[in-house]
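Step one of this worksheet: look at the structure below.
So that the names make sense, note that chain A is the first sequence line, chain B the second, and so on, each numbered from 1.
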2 protein chains.
Amino acid sequence: MSSVSTPESETVGTRMRADERRALVLEAATRVFGERGYHGATTDAVARAAGVSQPYVVRMFGSKEALFIAVLERALERLMATFESALVESEDAAASGDADAVSHCIAQNYAELLSDRGLLLSLMQAFMLGADPVIGPVARAGMRRAYEFLRDRAGMGPDEAHEFLALGMMLNTLVGLRMADDYEREPTVRELLDEALPTKVPLLLSLRDAES
Amino acid sequence: MSSVSTPESETVGTRMRADERRALVLEAATRVFGERGYHGATTDAVARAAGVSQPYVVRMFGSKEALFIAVLERALERLMATFESALVESEDAAASGDADAVSHCIAQNYAELLSDRGLLLSLMQAFMLGADPVIGPVARAGMRRAYEFLRDRAGMGPDEAHEFLALGMMLNTLVGLRMADDYEREPTVRELLDEALPTKVPLLLSLRDAES
DNA sequence: GTCTATACCCAGATAGAC
DNA sequence: GTCTATCTGGGTATAGAC
């Protein structure tokens, strides 16, 4: 998870294939953008998180904006892939009677995307920049894709799909708020988080404790 | 709603009580922060939106950060006041049998907060900055207050309160995405927005069309 | 492909006049 | 109380060496 992952595993900064570096920077950027938002994040923070130089980050993607779009598109890819595989996974459960097993299964897998640190937050940050002329359209298209998947592929009605997304946005918001920081201190927060993440609170807390 | 509101109503930039100016700047800041987020907004953009000079905006609140906190606190005040008055308003309806009339009524009034341009978005932007050492705590406290109101004053169970907030966050997200921009062009978007705002789509569209 | 050095611009904040 | 002028820092992007 940190910096070394070369097969031959040399010193940190050396001998790593270029596309691996690219992927590494993309992951680092996802974390940084998720935490501070597009404007709040600096290419320098991304660079430091990835263990490369700031100008190199810019060089690789052309601009900060292009980097953010890349992060956003990667996040959307992973989101849709997760939806797809959750759908497959739930197909047998659905056959054996359970009406909204599909919904439950997708929800579970959605929550597990939290492990991909910053991914859901970067998405959410993008959603809040709908007024931006270049980020906005990509973000809107992403939301549409998600909704259409739920409606057309997962067979939800408009009401179910809407509610599903609402629960997702609530989860994203609670994570963005760092609400888990108050889990032990505030009984109210504990109650709310237990409600929002029936089975995944331990995951959330473990991610919180793994923070820098 | 725009710039003039002095009783004696002189030329725009003149003779306005200081606290009126302050309120005006606060409203302008709410709009700008809502649109671009805390980091994306500039004190200069706020100043121009309010028709005052940039240094004056900083002078008035001490710093950009303090201004944002002021915006956030005003938004939370208005939110809670809206909740309170919706609760009162719904008390008779609740007496006459309708089980979740309270919930419906609060939801309606929540959606009407859209008219206070930028208010829900500024809140949402704050929610996405939970990692910020000064904004985070205020934002978390705001979310807690809202949840506790729904649970303790409006008499919702944890599940209802959570779902209510989820629908709220979904609404905020759709507004942040500027999803209404595609209302006519994309049937899918129309369907989603009609679902999200049963009765308030016209309001949303009118606000969209009133945009700069 | 990756770094160091640096140019350049923009934004927040300050000084001080009115 | 409000403005103009300006300082200063920090952040993106470029140039160019290795």
Side-chain angles (χ1 to χ4, degrees), chain A residues 3-6 8 10-29 32-33 35-71 125 129 132-135, chain B residues 3-6 8 10-29 32-33 35-71 125 129 132-135:
Chain A
S3 7
V4 210
S5 56
T6 326
E8 281 73 22
E10 283 105 334
T11 332
V12 177
T14 26
R15 290 292 131 188
M16 176 181 266
R17 284 211 340 273
D19 52 338
E20 284 174 5
R21 280 257 143 132
R22 200 186 152 92
L24 204 64
V25 171
L26 222 41
E27 279 165 42
V32 175
F33 280 132
E35 179 137 329
R36 312 198 210 175
Y38 172 60
H39 294 285
T42 68
T43 54
D44 189 63
V46 172
R48 273 185 277 104
V52 298
S53 72
Q54 179 270 328
Y56 186 40
V57 169
V58 174
R59 267 300 194 83
M60 237 190 289
F61 293 88
S63 70
K64 178 184 174 179
E65 189 176 65
L67 171 60
F68 186 73
I69 295 290
V71 163
Q125 300 278 180
L129 293 178
D132 183 285
V134 15
I135 298 169
Chain B
S3 9
V4 210
S5 56
T6 326
E8 281 74 21
E10 284 106 335
T11 333
V12 177
T14 26
R15 289 293 132 187
M16 176 182 266
R17 285 211 341 273
D19 51 338
E20 285 175 3
R21 281 259 142 133
R22 200 186 153 92
L24 204 65
V25 170
L26 222 41
E27 279 164 42
V32 175
F33 281 131
E35 178 138 330
R36 313 198 210 176
Y38 172 61
H39 294 285
T42 67
T43 54
D44 188 63
V46 172
R48 272 184 278 105
V52 299
S53 72
Q54 179 268 329
Y56 186 40
V57 169
V58 174
R59 265 304 194 79
M60 236 188 292
F61 294 88
S63 70
K64 178 185 176 179
E65 189 176 66
L67 170 60
F68 187 73
I69 295 290
V71 163
Q125 300 279 181
L129 293 178
D132 184 286
V134 16
I135 298 168

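- Stems are defined here as 3 or more consecutive Watson-Crick or G-U wobble pairs with pairing distances under 3.5 Å; those involving DNA chain D are C:1-11 with D:8-18, C:13-18 with D:1-6.
- Between B:V52 and B:V46, every side-chain heavy-atom pair lies at or beyond the 4.5 Å cut-off.
- For the pairing with A:V71, the side chain to side chain contact (heavy atoms under 4.5 Å, CB included) check across A:V32, A:V25, A:L26 returns one residue only, A:L26.
- Side-chain contact between B:F68 and B:V134 is absent, with no heavy atoms from C-beta onward closer than 4.5 Å.
- Residue B:A66 is classed as having no contact, given no heavy-atom separation below 4.0 Å to the nucleic acid.
- The CZ-P distance, from B:F68 to C:dG12, rounds to 13 Å in whole Å.
- When the C1' atom of C:dA13 is taken as reference, atom CZ of B:F61 falls 16 Å away, rounded to whole Å.
- Contact annotation for A:T42: backbone-only contact, meaning every heavy-atom pair under 4.0 Å involves sugar-phosphate atoms and none involves a base.
- Out of D:dA15, D:dC3, C:dT14, the shortest distance to the side chain of B:P55 is found at C:dT14.
- Each of C:dA13, D:dA13, D:dT4 was ranked by its minimum atom distance to the side chain of A:Q54; first place goes to D:dA13.
- We find the CZ-CG distance between A:R36 and B:L129 to be 11.0 Å, quoted to the nearest 0.5 Å.
- To the nearest 0.5 Å, atom CZ of residue A:R48 and atom OG1 of residue A:T42 are 6.0 Å apart.
- Using a 4.0 Å heavy-atom cutoff across all strands shown, B:A41 reaches sugar-phosphate atoms only and no base atom.
- The interatomic distance linking A:H39 (NE2) with D:dG10 (C1') rounds to 16 Å, in whole Å.
- A:F61 places none of its side-chain heavy atoms less than 4.5 Å from the side chain of A:I69.
- Of the candidates C:dG16, D:dA5, C:dT4, the closest approach to any side-chain atom of B:R59 belongs to C:dG16.
- Distance CZ (A:R48) to C1' (C:dT4): 16 Å, rounded to an integer number of Å.
- One interatomic measurement links the two molecules: OH of B:Y38 to P of C:dA11, which rounds to 14 Å at whole-angstrom precision.
- In this structure, B:D44 places its CG atom 13 Å from C1' of D:dT4, rounding to the nearest Å.
- With C:dT14, D:dC3, C:dT4 as the candidates, the nucleotide lying closest to the side chain of B:V58 is C:dT14.
- In terms of position along DNA chain D, the nucleotide closest to B:S53 lies nearer the 5' end than the nucleotide closest to the other residue of the pair A:K64 and B:S53.
- For the pair B:E65 CD and C:dA13 P, the interatomic distance rounds to 9 Å; values are reported in whole Å.
- Residue pairs meeting the side-chain hydrogen bond (donor to acceptor under 3.5 Å, both in side chains) criterion with at least one member in residues 57-71 of chain B, sequence neighbours excluded, do not occur.
- Put simply, A:T43 has no side-chain N or O that comes within less than 4.0 Å of OP1 or OP2 on D:dG11.
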